[in-house]
Amino acid sequence: MAEAPGVPYRTTGSTLLHPLSQRLGTPLDQVNFVACQLFALVAAFWFRIYLSPSNASSVVRHAFATLFGIYFAVFCFGWYSIHIFVLVMLSYGIMNMASIPNVHRYSFVVAMGYLTLCHISRIYIFNYGILTTDFSGPLMIITQKITTLAFQVHDGIGRQAEDLTAEQNRLAIKTRPSFLEHLSYLLNFMSVIAGPCSNFKDYIAFIEGRHVHMKLLEVNWKQKGYDRLPDPSPTGAVIYKLCITFVSLLLFLTLTKAYPVTYLVDSQFINNTPFLSRLGYLYIVMQASKPKYYFAWTLADAINNAAGYGFSGVDEQGNFHWDLLSNLNVWNIETATSFKMYIENWNIQTAAWLKRVCYDRAPWYPTALTFILSALWHGVYPGYYFTFITGILMTVASRAIRNNYRHYFLSSKPLKMIYDIVTWFVTQLAVCYTVAPFVMLAVEPTIRLYKPAVLNHCVGTQKHVAKSWEVCHRKLAARRAASLGLLPPATLCCPQQPAPAAQHRQQPEPDE
């Protein structure tokens with residue numbers, strides 16, 4: 001967000017980089033964020049090389065990750081970071097004092113409640129947060145981790161194994177975490193600023209040096225000609241993700257400023273631009289808003305990989321993959337042919353969190369409850385609720401269309417290609433239409449954007465109804481004419497051509 005002219009940008013974080021912020025013309029909180037993430041990237045390489053499990057104990061690794069995470073939080077958010085630490089301590093108290101049958105409920109209510117109160121205070125007390133540092137991002141990630149940990153502790157201690165799904169059984173935690181483990185999991189420097197959320201068992205395995213080893217044991221390496229387990233390096237994956245990060249940053253600095261979202265609700269643009277042109281510009285604007293997410297999430301993923309965390313296994317060709325913590329798949333997003341496919345590849349770790357704590361556990365209406373929880377977690381901007389309520393309808397509609405019509409296009413490759421092209425086009429426009437309020441945030445611009453689209457839809461509907469009424473009217477007139485002997489009954493098959501009857505009625509009878 002650019003600085004408002006004549007208004008000094010305020011931040012509660014460090015002002016050390018304020019000269020750089022002024023030189024770049026970039027808000028200080030964004031400069032602090034990027035600086036912390038770049039420093040975290042360097043620290044992650046150092047952490048993997050010099051504090052590897054073979055060189056340092058788990059306690060040292062936990063302590064280092066926690067202390068650096070606390071420093072980054074204070075550097076970026078100053079005294080606002082107190083909210084982060086308060087929620088972490090509250091969650092630890094609940095984890096050790098609440099009964100196992102209720103630990104997940106109390107943790108969920110407290111974490112979501114505290115997050116919501118912070119959202120409300122930052123937005124409505126501080127005027128939509130325009131001049132205040134946005135500390136809600138780390139708080140949102142920590143809320144995910146707190147609830148994930150609480151549910152997995154409840155699964156491991158309070159439920160029988162036969163009552164769990166295969167995934168819940170794999171991730172279940174059999175003992176309550178220690179204080180240091182709790183702090184390290186929630187506040188480690190690799191994910192405290194931008195995430196992503198990971199599972200507690202995976203994180204502890206990483207700290208203890210079992211993370212990569214466990215994945216490698218799933219493969220029979222003797223059949224592949226190895227006499228011992230390989231040692232996969234994340235360097236290639238980190239370089240690849242840093243390239244995506246760099247390209248995303250360039251696109252953000254160029255496209256986002258060239259195509260401002262505010263132009264969508266400009267009165268002159270709305271009144272003088274055809275509907276299809278507005279729809280095309282909406283697509284361009286939504287595309288231009290993506291690079292900042294690609295940048296932040298891919299850089300966060302690279303930081304975890306640089307530390308040696310995020311190894312997901314080996315494919316059939318023997319290639320190593322470092323996408324356990326990846327938050328997006330750019331190719332699948334840009335080529336998605338269904339709403340479901342798009343959602344599954346966007347903010348992947350948040351989608352996994354929603355599935356584990358809500359969708360898989362909801363007694364009824366899991367889709368609707370999951371979208372509602374997602375909206376609450378994101379914040380209290382009205383635009384979020386426009387987006388997620390519309391998302392429910394889009395998901396149901398796309399699922400129904402896919403289930404009822406897709407099989408007709410699978411008989412040949414040309415038909416399948418036509419189906420994919422059409423569904424890609426419709427999916428991309430549907431996503432743009434759905435997420436536009438998410439970007440605009442407030443009610444007024446959202447209504448101004450949606451109003452012309454709704455009016456066009458209503459006009460189209462009215463025209464369809466009018467045409468249907470006209471057809472019915474002609475059919476009734478033809479039936480009446482036929483009953484009076486003025487029209488042959490065969491003409492009833494063609495009510496759209498009532499001209500003979502009209503011509504017949506227009507000619508006066510001799511006796512008139």
Side-chain angles (χ1 to χ4, degrees), residues 255 259 261 263-265 269-270 273-291 293-294 328-348 350-351 354-355 359 365-368 370-372 374-375 378 381-409 415-441 443 445-461 464:
L255 286 181
Y259 297 97
V261 69
Y263 193 60
L264 284 170
V265 293
F269 177 75
I270 292 175
T273 308
F275 174 72
L276 291 179
S277 298
R278 293 202 307 271
L279 199 60
Y281 186 79
L282 173 64
Y283 175 75
I284 295 173
V285 168
M286 291 302 104
Q287 291 295 104
S289 68
K290 291 178 185 177
Y293 297 101
Y294 292 170
L328 50 83
N329 186 314
V330 177
W331 175 255
N332 287 347
I333 288 171
E334 301 301 340
T335 60
T337 57
S338 70
F339 206 77
K340 178 177 180 291
M341 181 179 175
Y342 196 104
I343 293 175
E344 287 178 346
N345 290 280
W346 176 268
N347 207 352
I348 296 172
T350 294
L354 290 167
K355 179 179 181 295
Y359 189 88
Y365 305 118
T367 299
T370 301
F371 272 104
I372 291 171
S374 182
H378 278 90
Y381 283 115
Y384 294 161
Y385 295 86
F386 277 97
T387 289
F388 289 108
I389 291 173
T390 307
I392 297 173
L393 303 177
M394 290 291 184
T395 301
V396 173
S398 63
R399 186 182 298 163
I401 292 172
R402 187 177 180 86
N403 292 340
N404 287 293
Y405 296 101
R406 184 172 182 269
H407 58 277
Y408 292 117
F409 296 88
L415 280 177
K416 179 64 167 54
M417 183 177 296
I418 292 172
Y419 175 86
D420 288 340
I421 292 173
V422 172
T423 52
W424 171 83
F425 181 76
V426 173
T427 297
Q428 298 299 322
L429 290 184
V431 169
C432 292
Y433 178 85
T434 302
V435 304
F438 190 95
V439 178
M440 294 181 174
L441 302 177
V443 173
T446 298
I447 297 298
R448 295 190 66 187
L449 173 71
Y450 275 169
K451 188 176 180 180
V454 172
L455 287 177
N456 275 289
H457 173 73
C458 291
V459 169
T461 303
H464 176 73

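The basis for the numbers below is simple: all heavy atoms, side chains too, and nothing from hydrogens, waters or symmetry mates.
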Taking all non-hydrogen atoms of both residues, which atom of [X] and which atom of [Y] are closest, and how far apart?
{"X": "Thr337", "Y": "Thr423", "result": "O-CB, 3.2 Å"}
{"X": "Met341", "Y": "Thr335", "result": "CE-O, 4.3 Å"}
{"X": "His378", "Y": "Tyr384", "result": "O-CE1, 3.3 Å"}
{"X": "Gln428", "Y": "Ala336", "result": "NE2-O, 3.6 Å"}
{"X": "Arg278", "Y": "Leu264", "result": "O-CD2, 4.4 Å"}
{"X": "Val265", "Y": "Pro445", "result": "CG1-O, 3.1 Å"}

Can you check whether [Y]'s main-chain N or O pairs, donor with acceptor, with [X]'s side chain at less than 3.5 Å?
{"X": "Thr273", "Y": "Ile270", "answer": "no"}
{"X": "Thr387", "Y": "Thr434", "answer": "yes"}
{"X": "Thr427", "Y": "Trp424", "answer": "no"}
{"X": "Ser374", "Y": "Thr370", "answer": "no"}

Side chain to side chain contact (heavy atoms under 4.5 Å, CB included) between Tyr359 and Thr367: does it pass, once the steps are laid out? CA-CA 7 Å; Tyr359 189 88; Thr367 299; 3.8 Å; yes

Could you tell me the separation between the [atom1] atom of [X] and the [atom2] atom of [Y], rounded to the nearest 0.5 Å?
{"X": "Ile284", "Y": "Ser289", "atom1": "CD1", "atom2": "OG", "answer": "12.5 Å"}
{"X": "Phe409", "Y": "Ile418", "atom1": "CZ", "atom2": "CD1", "answer": "8.0 Å"}
{"X": "Asn332", "Y": "Trp346", "atom1": "CG", "atom2": "CH2", "answer": "13.5 Å"}
{"X": "Asn329", "Y": "Ile348", "atom1": "CG", "atom2": "CD1", "answer": "6.0 Å"}
{"X": "Ile421", "Y": "Lys416", "atom1": "CD1", "atom2": "NZ", "answer": "10.5 Å"}
{"X": "Tyr408", "Y": "Leu415", "atom1": "OH", "atom2": "CG", "answer": "13.0 Å"}

Thr395 vs Ile343 side-chain heavy atoms within contact, under 4.5 Å: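 In contact.
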
With side chains defined as the heavy atoms from C-beta onward, is the minimum distance between Val261 and Met286 less than 4.5 Å?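 When only atoms from C-beta onward are counted, Met286 and Val261 do touch, with a gap below 4.5 Å.
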
Ring geometry between Phe388 and Phe371 (parallel below 30°, tilted from 30 to 60°, perpendicular above 60°):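 The rings of Phe371 and Phe388 sit tilted, inter-plane angle from 30° to 60°.
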
Phe269: which residues meet the ring pair (Phe, Tyr, Trp, His ring centres under 6.0 Å) condition with it, sequence neighbours left out?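 Testing Phe269 for ring pair (Phe, Tyr, Trp, His ring centres under 6.0 Å), a comparison that skips the adjacent residues, returns Tyr263, Tyr281.
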
Can you name the side-chain hydrogen bond (donor to acceptor under 3.5 Å, both in side chains) partners of Thr350, sequence neighbours left out?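 Partners of Thr350 under the side-chain hydrogen bond (donor to acceptor under 3.5 Å, both in side chains) test: Gln144, Asn347.
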
For side chain to side chain contact (heavy atoms under 4.5 Å, CB included), just list the numbers for Met394 and Lys340, CA-CA rounded to whole Å, side-chain angles, deciding distance to a tenth of an Å, and then say yes or no. CA-CA 9 Å; Met394 290 291 184; Lys340 178 177 180 291; over 6 Å; no

Under the salt bridge (Lys or Arg N to Asp or Glu O under 4.0 Å) test, residues paired with Lys355 that sit two or more places apart: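 So Lys355 forms a salt bridge (Lys or Arg N to Asp or Glu O under 4.0 Å) with Glu167, Asp360.
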
Let me see the working for Met440 and Arg448 under side chain to side chain contact (heavy atoms under 4.5 Å, CB included), right down to the final yes or no. CA-CA 11 Å; Met440 294 181 174; Arg448 295 190 66 187; over 6 Å; no

Between Tyr365 and Ile372, does a side chain to side chain contact (heavy atoms under 4.5 Å, CB included) hold up when you go through it step by step? CA-CA 11 Å; Tyr365 305 118; Ile372 291 171; over 6 Å; no

